[in-house]
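For reference, the structure is listed below as structure tokens.
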2 protein chains.
Amino acid sequence: MPTHPRPRGPKPNRMDPDQLLDAAQEVFARDGLRAASLRAIAKQAGCDPALIYYHFDSKEAMFAALLARRFPPIQKELEALSAPEDPRPTALRLWEVVRIYHRNLKDDPGIRSLIRGEIVHGAEGLADILQERIRPIMMAVKSILDRGIALGELRADLHPLLGTFFLVRMHLEILDLLPTVLSRLMGLPRDRAVETGLQAWFDLYWRGIAKDPSIPLPPLPELSADVNATKETHP
Amino acid sequence: MPTHPRPRGPKPNRMDPDQLLDAAQEVFARDGLRAASLRAIAKQAGCDPALIYYHFDSKEAMFAALLARRFPPIQKELEALSAPEDPRPTALRLWEVVRIYHRNLKDDPGIRSLIRGEIVHGAEGLADILQERIRPIMMAVKSILDRGIALGELRADLHPLLGTFFLVRMHLEILDLLPTVLSRLMGLPRDRAVETGLQAWFDLYWRGIAKDPSIPLPPLPELSADVNATKETHP
DNA sequence: GCGATGATTCAACGTCTGTTGAATTGGAGC
DNA sequence: GCTCCAATTCAACAGACGTTGAATCATCGC
């Protein structure tokens, strides 16, 4: 007697589209957009591949939904930070940029590799979506650099767009590559690689863009400390 | 009468394995290692996919052969440059590093994306090959930084491995991403993006690592000038 | 209780992939 | 001119892929 393998119909606890996105994010993080298969995503989510097509139009639509879930918070934080009335020195504000990126992207290699991959080998449909998401968060950083130049804290000959590109891209490269490069290629431990690398990077970067590099950096808050605890070190 | 589509047997001009590598390089450059298919490579080379298996053991072996063709010259140039008796100031020697990388990798996005991709999602077999190729060329750069510190030209607290990582990775990111980011995301022209970006980057980097950042950079030779014409500007 | 609707699975499609074994042929050596 | 080998192609394999249409079941409104 052939047992019907699995009962069809809705499960006891229904599948939220967000759960599918969680699974997709995990698989994308492991394999990248192209290599990630819908079957692998379905297995990760514990459902049939066809269910994905009930909630999303296609694999690309799933990627777009992932972007739509991840980017607006980053954009909101960055735009708040780049408000011109912020009285903090430029160094601190740029460090806040780093912290915002870090909090939002450090645990999501999938999104990172997706973004980079689509910029390099951009499929047509996704290019517009990407531009719409990335442009505002680059412009927010750029406006901080613009203001730093106007205030005389940064070199007058600094190219603000290039400065933005350098800061952000190196941050993401540190997340993506530094642990592996240090451990696999150099035999060093990888546990503190990201924090050490990011601090060294920001120090180098600041010297590179500051009008007077001999002025040392002010004390910077911890990378992953809570956003509401910028002043208190102990409760 | 069914025409035998193509005559079998050897062609009038035989296929050099190097020609296959050329084709593979081109396709890898377009599509990346995973997405590049042997059928696409064969079409690019004008032969049958099976011929690839006559000259190479597998797709991975083809990739390894590509590395073996591209890296030894870079390694040789860098090791000659890092000889401790070189009397030039550290800034000039580091700029030579940039030029060596540039000459050898600027026209080969395939190799670049392959290396990076394999570091991020490293397949087991290729990881060792990569390490064997990359480690020496990173150590050569590191030894220049080490010497710069010892001579007092660079900051004493500079971490040489991180400094190497920053210099090289940002160079490759400028090649891979800057033109696209500037044009597609910002609407700027992309033709001089790489040269402008690289010079701005080296300027920033040098300020970041120099012991005395207020000393300006010496005049630097052109990026792509011939390697034998470092002194003579006119014959 | 019943029918509609929404959520889920099954099975299959056509296409592409890396890879292999057998068939074929041009040219070199004798 | 014959033989042999090296180089090339053909045809096919088994598996994975994205995607779709139909079938199934659970639950809700009535």
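Remember, predicted model here, so these are calculated numbers, not experimental data. Chain naming here is simple, since letters A, B, ... match the order of the sequence lines and numbering starts at 1 in each.
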Inset, instruction - Could you state the atom-to-atom distance from CG of B:Asp48 to P of D:dA12 in whole Å? - result: 14 Å
Inset, instruction - Using whole Å, report how far CE of B:Met62 lies from P of C:dG18. - result: 11 Å
Inset, instruction - Figure out the CG/C1' separation between A:Leu20 and C:dT9, and round it to whole Å. - result: 14 Å
Legend entry - Whole-Å gap separating P (D:dC10) and CD1 (B:Ile52): 14 Å
Legend entry - Touch class at under 4.0 angstrom, heavy-atom based, for B:Ala35 against every strand present: nothing
Legend entry - 5′-ward residue of the pair A:Pro49/A:Arg39 relative to DNA chain C: A:Pro49
Inset, instruction - State whether B:Ser37 places a side-chain N or O below 4.0 Å from either non-bridging phosphate oxygen (OP1 or OP2) of C:dC16. - result: no
Legend entry - Side chain proximity check, A:Ile209 to A:Leu94, heavy atoms < 4.5 angstrom: yes
Inset, instruction - Answer whether the closest heavy-atom distance between the side chains of A:Ile119 and B:Asp176 falls below 4.5 Å. - result: no
Inset, instruction - Taking A:Arg39 for its side chain and A:Pro49 for its backbone only, find out whether a donor-acceptor pair lies under 3.5 Å. - result: no
Inset, instruction - Please state how far atom CG in A:Leu51 lies from atom P in D:dG21, giving the value in whole angstrom units. - result: 17 Å
Inset, instruction - Would you kindly compare A:Ala36 and B:Asp16 by the position of their nearest DNA chain D nucleotide and give the one closer to the 5′ end? - result: B:Asp16
Legend entry - Validation row: B:Arg169, B:Leu172 side chains within 4.5 angstrom (heavy atoms): yes
Legend entry - B:Tyr54 side-chain N/O to D:dA7 phosphate OP1/OP2 under 4.0 Å: yes
Inset, instruction - Name the closest nucleotide to the B:Ala50 side chain, picking from D:dG18, C:dG21, C:dG18. - result: C:dG21
Inset, instruction - Quickly work out the A:Arg34 CZ to D:dA16 C1' distance and round it to whole Å. - result: 16 Å
Inset, instruction - Using whole Å, report how far OH of B:Tyr53 lies from P of C:dG18. - result: 7 Å
Inset, instruction - Please state whether the rings of B:Phe63 and B:Phe28 are parallel, tilted or perpendicular, taking 30° and 60° as the class boundaries. - result: perpendicular
Inset, instruction - State whether B:His55 places a side-chain N or O below 4.0 Å from either non-bridging phosphate oxygen (OP1 or OP2) of D:dA6. - result: no
Legend entry - Nearest-angstrom distance from the residue atom NZ of A:Lys43 to P of C:dC10: 13 Å
